[in-house]
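Here is the structure we will look at, set down as structure tokens.
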Protein chains: 2
Amino acid sequence: MYSPHSRLGWNRRARGGDELKTENFLRGRRGIQLAVPERQALELGLSEPRLAPARQTLIRRGENVSQSTLLVAGYVGRYMEDREGERQLVALHLPGDFVDLHAFPLQHLDHDVVAISDVAVATISHAALTAITAELPHLTRMLWFSTLLDAAMHREWIFRLGRLDGPGRVAHLMCETALRLAAIGIGDGREFPLPINQGDIAAACGLTNVHVSRVLKSLRDTNLLAVQGNQVTLLDPAALRRIGEFDPQYLYLHDGVSTP
Amino acid sequence: MYSPHSRLGWNRRARGGDELKTENFLRGRRGIQLAVPERQALELGLSEPRLAPARQTLIRRGENVSQSTLLVAGYVGRYMEDREGERQLVALHLPGDFVDLHAFPLQHLDHDVVAISDVAVATISHAALTAITAELPHLTRMLWFSTLLDAAMHREWIFRLGRLDGPGRVAHLMCETALRLAAIGIGDGREFPLPINQGDIAAACGLTNVHVSRVLKSLRDTNLLAVQGNQVTLLDPAALRRIGEFDPQYLYLHDGVSTP
DNA sequence: CGCCCTGTTGACTTACGTCAAAACTAGTGG
DNA sequence: CCACTAGTTTTGACGTAAGTCAACAGGGCG
């Protein structure tokens, strides 16, 4: 039987009742803290988290949306499709990310939002966000900031696709994901859980799954990277950063973050 | 002698004295209009435009910035460099674009900003922007909106690099540029001035200039696209949109815009 | 057990990169 | 007006990374 609750460890956490939906929001980034009333305004506006199974499409391209989605647990991807239905991943979201905050000003989405793992998501209405922008300028700037982080990652992905070869693209993706996850307390920056398959990596890196298989094999054979099941291990982080030309500046993590 | 004034037609326009620096800001997008006090707040905060020659680097990656730049006339590119100094263009900016508004929340840039043609740029201090976000929520949302348009274009560029071949990438770039320029009254959506060389196209499309030359030749030979000197002509817009898998929805142009 | 999904491997094709030379263009100065 | 230069663009020959097609191997699960 399908039971996302247990897979997410959700029962345990939700049962406490005092768990914050926004606990990971902007966590570890630039040391920015939200003031208590700001966090309260967000928490009050957010719905109770709902659960969705892996592979479910949460929002479809073009839909008119009147609310935005905060990812509380699990992984979400944003995809664009070409004419043949081949998917290009344009963003990978981790717990604490606002997945489609940009839909608040833009009002509709130019891509699909898909659950990669089982997920828990909370929503906030655009009316509530309008109220926040009217009353809480600093929080508004922080929300703005979080969409700009997405844009900075978009740029890095453009670079990845435009200037790196297969192994470089995969290395870059894994370096980025390792650091982002470490910033929210998942993994140690070297080893982390990532429930995606080679097709997802291919969709992220602009490669075919056959080629991703070969690239992963070569990274494995040279003791740089291990992807087994849902566990990713950066065996040689320095080498991966070199071939992925990875410089984490664009992630705006605060200074103290571990970068093994 | 270097004279950007005349090349930009700047003398004529500046001489009037009543010309608006923000005249193209968000023009043609979603039919959004700024209220008079909003436009005034922007205009008051903006410096007198200054001129810079083509190829000048306006802002360097990593610099701490305390002001943001509005492009008044000319073309500007945002570039990231790989280890060998090869450039990847991550954004192309047209008159009316805020080139680095994202530096207001982010505080530094993860890429270089370079003049592609001779340009005129005005700046606004981040202090002035902070005041705007404190007092003018609607204008703040519009500024936010404009950075989200950039992000939407970033996503489309990711798609372009990840899923299209050489001719498709060039076609997509030219379709996008044609529409964006038409929206601010430059060209008719079929033919427009674009003072870039094949190296710039290569930097935008993740190709080498040699290959761009071949791609342009093939598009020329099949009567799809002509790039001669600084003039670009979409000879067969429908075909170009097809091979570039171009759907202008993401540009959020208002309905009435011409799409030949 | 048998199915489906994901990953692996091999043989072959192709788009694009690399290197290098030549043609063309525009600007400069005699 | 022509010669000189520097920056583009074009063309050719050749190499290579990645795509395609297809068969097969493993694993998890009903």
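Naming convention: chains lettered A, B, ... in sequence-line order (proteins, then strands); numbering from 1 in each chain.
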Send over the distance from [X] [atom1] to [N] [atom2], rounded to a whole Å.
| X | N | atom1 | atom2 | result |
| --- | --- | --- | --- | --- |
| Glu86(A) | dG19(D) | CD | P | 11 Å |
| Leu161(B) | dA18(D) | CG | P | 14 Å |
| Arg163(B) | dA18(D) | CZ | C1' | 13 Å |
| Ile196(A) | dG7(C) | CD1 | C1' | 14 Å |
| Glu84(B) | dG17(C) | CD | C1' | 13 Å |
| Ile243(A) | dA17(D) | CD1 | P | 14 Å |
| Ile201(B) | dT9(D) | CD1 | C1' | 11 Å |
| Leu207(A) | dT20(D) | CG | P | 11 Å |

request  = Check each of Gln88(A), His172(A), Glu176(A) against Trp157(A) using the side-chain hydrogen bond (donor to acceptor under 3.5 Å, both in side chains) test, and report the only one that passes.
outcome  = Glu176(A)
remark   = Computed from five pairs at either end and rounded to 10 degrees, the angle between the axes of the helix from dC1(C)-dG30(D) to dG30(C)-dC1(D) is 30°
Output yes when [X] and [Y] qualify as a salt bridge under the 4.0 Å nitrogen-oxygen rule, no when they do not.
| X | Y | result |
| --- | --- | --- |
| Glu156(B) | Arg160(B) | no |
| Lys21(A) | Glu48(A) | yes |
| Asp221(B) | Lys217(B) | yes |

task = Provide the closest heavy-atom pair for Ala115(A) versus Pro53(A) in the form atom of the first, atom of the second, distance.
result = CB-O, 3.6 Å
Nucleic acid contacts of residues 209-221 of chain B, taken as heavy-atom distances under 4.0 Å to DNA chain D = Val210(B), Ser213(B), Arg214(B), Lys217(B), Arg220(B)
ask   = Hey, is the side chain of Gln198(B) poking within less than 4.0 Å of OP1 or OP2 on dT10(D), counting only N and O atoms?
value = yes
Residue-phosphate contact under 4.0 Å: Thr208(B) side-chain N/O, dC16(C) OP1/OP2 = no
request  = Select base, sugar-phosphate, or nothing to describe what Gly229(B) touches, counting heavy atoms under 4.0 Å on all strands.
outcome  = nothing
ask   = With sugar-phosphate meaning primed atoms plus P, OP1 and OP2, does Gly206(A) contact a base, only sugar-phosphate, or nothing at under 4.0 Å between heavy atoms?
value = sugar-phosphate
ask   = Quick one: do the Thr123(B) and Ser47(B) side chains pair a donor with an acceptor below 3.5 Å?
value = yes
key: His111(B) and Arg61(B) side chains, donor-acceptor separation under 3.5 Å   = no
task = Would you verify whether the NZ or CZ of Arg87(A) falls within 45 degrees of the ring axis of Tyr79(A) while also being under 6.0 Å from that six-membered ring's centre?
result = yes
ask   = Hey, mind stepping through Arg155(B) and Asp150(A) against salt bridge (Lys or Arg N to Asp or Glu O under 4.0 Å) and telling me if it holds?
value = CA-CA 10 Å; Arg155(B) 287 190 289 276; Asp150(A) 288 338; over 6 Å; no
